[in-house]
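Let me begin by presenting the structure, written as structure tokens, before commenting on it.
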There are 2 protein chains.
Amino acid sequence: MARKVSRRGGNIVTIHDVARHVGVSPMTVSRVINGEKNVREETRQKVMEAVEALNYTPNLAARSLASQDSSRIALIYSNPSMSFLSELLLGILEQSSQSGCQLTIESCDGPEGVADVLDKLKTVGVDGVVLPPPLSDSSRVAKALKDMKLPFVGVATSRPSPDAPSVSIDDFKAAFAMTSRLIQLGHRRIGFIKGNPNSYYSQLRYEGYVAALAKGGLKADEALVGQGYFTYRSGFDAAETLLTRADRPTAVFASNDDMAAGAVATAHRLGLDVPQDVTIVGFDDTSMASSVWPELTTVRQPISDMAALALKLLLEQIKARRSGQTYVPIHEIRDFSIIERQSSSPLTPDLNA
Amino acid sequence: MARKVSRRGGNIVTIHDVARHVGVSPMTVSRVINGEKNVREETRQKVMEAVEALNYTPNLAARSLASQDSSRIALIYSNPSMSFLSELLLGILEQSSQSGCQLTIESCDGPEGVADVLDKLKTVGVDGVVLPPPLSDSSRVAKALKDMKLPFVGVATSRPSPDAPSVSIDDFKAAFAMTSRLIQLGHRRIGFIKGNPNSYYSQLRYEGYVAALAKGGLKADEALVGQGYFTYRSGFDAAETLLTRADRPTAVFASNDDMAAGAVATAHRLGLDVPQDVTIVGFDDTSMASSVWPELTTVRQPISDMAALALKLLLEQIKARRSGQTYVPIHEIRDFSIIERQSSSPLTPDLNA
DNA sequence: ACTGGAAATGGTAGCGCTATCAAACGCGAT
DNA sequence: ATCGCGTTTGATAGCGCTACCATTTCCAGT
């Protein structure tokens, strides 16, 4: 155990210890650690073993100091959907600690808040910005950032800015898949609760629903579509209109989990059992989906992974920009999945009669 | 604008630029930045101005490298209450970026998961651990950490380990205050939904409720107390028992927000309006409280601040330990507050009849 | 004025890592 | 063997900041 006691007390294994242990130069160890290619396989092996044996972990502070890639990146959000945010944070955190970048989280409420926050970023000095929805859909924010010449990345955007990379799922396809699943379960009268009309992905989800109905040979009925605003309350209200109809839908697809939860509450209030009397499904798989009872069947976005990837793309962009290369924004599409929980069931025969 | 172009491309303002601008040594600037005392007021002033003028921001990587205080700290959680977690993360993140420490977030589900995670921390090598509830209440985890000689800090614990610092609110006092408030609103039959009996703070909240009833001259009625487990579902079920009674309570105090939200759902299902027919209040002020409708009146814990403070205490502890000093754990108590939203109202006269 | 000791400031030497370039090595072709 | 060229390795010099100690400045007490 080659341990070195540093000048100031702590005792830590450094790259030099590993180098000495193997009998190579620190530089070689560095190369192995960073996965560079010009290292003989045999050498790489020996270094890896030493790293393992000495239980070496790189000092991120030193690394980012030396490599000058210590980017300051800001995550700004205006969406108070904490459950979405925390998933996002988990992913971003993991990536940022791996990439060794300084992270700042800024909340901006209200529309003028955004401007203030951007101003602050300008004076404080950040190297890039991560934009979760709904900011990632705002062309105003995108333009402001572009004018500031500040690189940014959009997470879960349906309308990626052409100037910046983004990571998202295919909202249309996801809504299509979920609707198809409901049809497959035997549902024929399928209601839909739209999200905020300002959001483009809200539109895409609706279109996916309509397309799936068409493909299933069902005609879209405007009366089965409610307008919501992505809030619990709006789902609660919209569901009331849908579920008090004489020919109420046997399934309701709310375009996010909060609205779905609100719809479940309304169903309960109307004396309807979920999913016995009505199937209700959501979108996003935020913590809300598994908090309420019955737990919601929903479309899962791998938010954490998406966030991590987004940060990675952002850092690449910054690096490219620094070295003067032109950077072509990448728009990455991740896979969604459908999580079936207790809020959905096949259409029961008697209701079909 | 004294800007220096670094060897590798970036151009950043360093402590040297500030020093040159003022005409002092970098050391003095460093002292001013770090708020050390042995600096003449006049000098401090000038340095501050230069910092402002040049828009200097310290490079955290360099700082933690030089001062060797780059602690690796881990946040381990087993509670899937995402809303609580995200608040926590926000606070921790802010503090960690200020203190320049490396943060790792680890989830451990199941009871054996904790052991695995601790094992991992051991091999990876961390300098300290932050424990949010319910882990912060587990004497088993505390003992394991103590055996590993790993400093830790508890956030929102009601049963702080004597060996480690902690930050929490006074759960008893908070429950007492909320119950008193309900009494003040005219309620006389006040129900309570307990949390998981394994949690000590669950017990404290219950005791606060009982004490407030006593002080208000009301006798505690076991029939108005339901057993829950801090989950939505458990609140949903417990509320059913309470609210279907002939002499149902006019107010229900659920000992966390998830259970309160479940109780609201049950009330709705039973055809009761909240708060017209029954007042329902929660505890914690997680995002759940403001997601549902009506939004919940609840006890607010300043989770974010508490988390930030906890991290600070942990770092102090680590520092003290490194320099060989004995460290006396500090148990910090923060103030709670009662947030009144739409789920509570004064007792309406006719119900009192 | 003059000393002594505290307060303020500066010089030096790294913290652990990596960019850069120079050196050493391998190896097929001559 | 010798050359040439690409691959692998090493020596050096910082990245921006702070710990540590040396130095200077200040001011009370004589």
Side-chain angles (χ1 to χ4, degrees), chain A residues 2-20 22-47 51 54 56-72 99-100 102 319 322-323, chain B residues 2-20 22-47 51 54 56-72 99-100 102 319 322-323:
Chain A
R3 289 216 158 221
K4 176 179 156 193
V5 173
S6 96
R7 170 159 58 105
R8 288 145 197 174
N11 57 345
I12 13 71
V13 183
T14 78
I15 209 171
H16 289 88
D17 300 320
V18 178
R20 208 172 320 122
V22 183
V24 296
S25 84
M27 221 23 248
T28 304
V29 177
S30 170
R31 277 193 265 261
V32 171
I33 307 268
N34 292 59
E36 286 174 36
K37 51 193 170 189
N38 285 342
V39 180
R40 217 174 354 141
E41 188 49 37
E42 187 194 332
T43 315
R44 177 186 308 281
Q45 212 67 289
K46 280 195 293 186
V47 171
V51 165
L54 298 181
Y56 164 79
T57 16
N59 180 325
L60 298 182
R63 194 209 300 268
S64 54
L65 179 58
S67 56
Q68 283 293 282
D69 68 356
S70 150
S71 311
R72 269 189 269 263
S99 315
Q102 295 174 23
K319 202 165 183 178
R322 274 202 185 134
S323 57
Chain B
R3 287 214 161 226
K4 176 178 157 195
V5 173
S6 94
R7 167 159 60 108
R8 288 143 199 177
N11 56 346
I12 12 71
V13 183
T14 77
I15 209 171
H16 289 88
D17 300 321
V18 178
R20 209 173 317 123
V22 183
V24 295
S25 84
M27 230 10 258
T28 305
V29 177
S30 170
R31 278 193 265 261
V32 171
I33 307 267
N34 293 60
E36 287 174 33
K37 51 193 171 188
N38 286 341
V39 180
R40 221 176 349 144
E41 188 49 37
E42 185 193 333
T43 315
R44 177 187 308 282
Q45 211 70 290
K46 281 194 294 187
V47 171
V51 165
L54 298 180
Y56 164 80
T57 16
N59 180 322
L60 298 181
R63 174 180 297 178
S64 51
L65 179 58
S67 55
Q68 284 292 283
D69 68 356
S70 152
S71 311
R72 271 189 269 264
S99 318
Q102 297 175 22
K319 202 165 182 177
R322 275 200 185 135
S323 56

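Chain naming here is simple, since letters A, B, ... match the order of the sequence lines and numbering starts at 1 in each. Everything numeric here is computed off the predicted structure, so don't read it as measured data. Side chains are part of it too, since the values below use all heavy atoms of this structure and drop only hydrogens, waters and symmetry mates.
- Atom CZ of B:Arg44 is separated from atom P of C:dA8 by 9 Å (rounded to the nearest Å).
- Rounding to the nearest 0.5 Å places CZ of A:Arg20 at 8.0 Å from NE2 of A:His16.
- Looking at B:Val29 and B:Val22, their side chains never come closer than 4.5 Å, going by heavy atoms from C-beta outward.
- B:Val13 and B:Leu54 get closest at one heavy-atom pair: CG2-O, 3.6 Å.
- Between B:Glu41 atom CD and C:dT9 atom P there is a gap of 11 Å when expressed in whole angstrom units.
- Scanning all heavy atoms of the two residues, the minimum distance from A:Thr14 to A:Tyr56 falls at C-CE1, 3.6 Å.
- The listed nucleotides are D:dG16, D:dA19, C:dC17; the one nearest the side chain of B:Ala62 is D:dG16.
- Straight-line distance from the CD atom of B:Glu36 to the C1' atom of D:dC20: 12 Å, rounded to whole Å.
- Closest contact between the side chain of B:Leu65 and the listed nucleotides D:dC17, C:dC15, C:dT9 involves C:dC15.
- Within the 3.5 Å criterion, the main-chain N or O of B:Pro26 finds no donor-acceptor partner in the side chain of B:Ser30.
- Taking atom NZ of residue B:Lys37 and atom C1' of nucleotide C:dA6, one finds them 13 Å apart after rounding to whole Å.
- The interatomic distance linking B:Asn34 (CG) with C:dA8 (P) rounds to 16 Å, in whole Å.
- Applying the 4.0 Å criterion to OP1 and OP2 of C:dT9, one finds that B:Thr43 has a side-chain N or O inside that range.
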Atom pairs, N/O to N/O, protein against nucleotides 25-28 of chain C, distance under 3.5 Å?
none

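- Here the shortest heavy-atom pairing between B:Ser64 and A:Ala61 reads OG-CB, 3.4 Å.
- Nucleotide C:dT18 holds its C1' atom 8 Å from the CD1 atom of A:Ile15, rounded to whole Å.
- As rounded to whole Å, 14 Å separates atom P of C:dG10 from atom CG of B:Asn38.
- In this entry the distance linking CG of B:Asn59 with C1' of C:dC15 reads 13 Å, nearest Å.
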Next item on the list: Using the side-chain contact (heavy atoms from CB on, under 4.5 Å) rule, take A:Asn34 and A:Arg63 through it: C-alpha gap first, then chi angles, then the decisive distance, then the call.
Entry: CA-CA 11 Å; A:Asn34 292 59; A:Arg63 194 209 300 268; 3.3 Å; yes

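- The side-chain contact (heavy atoms from CB on, under 4.5 Å) with B:Val32 is formed by just one residue from the set B:Val51, B:Val24, B:Val47; it is B:Val47.
- Minimum atom distance to the side chain of B:Arg63 is reached by D:dT18, of the listed C:dG16, D:dT18, C:dT18.
- Closest heavy-atom contact between B:Lys37 and B:Arg44: O-NH2, 3.9 Å.
- Remark: A:Ser25, A:Met27, A:Thr28, A:Arg31 in residues 25-33 of chain A come within less than 4.0 Å of DNA chain D through at least one heavy atom.
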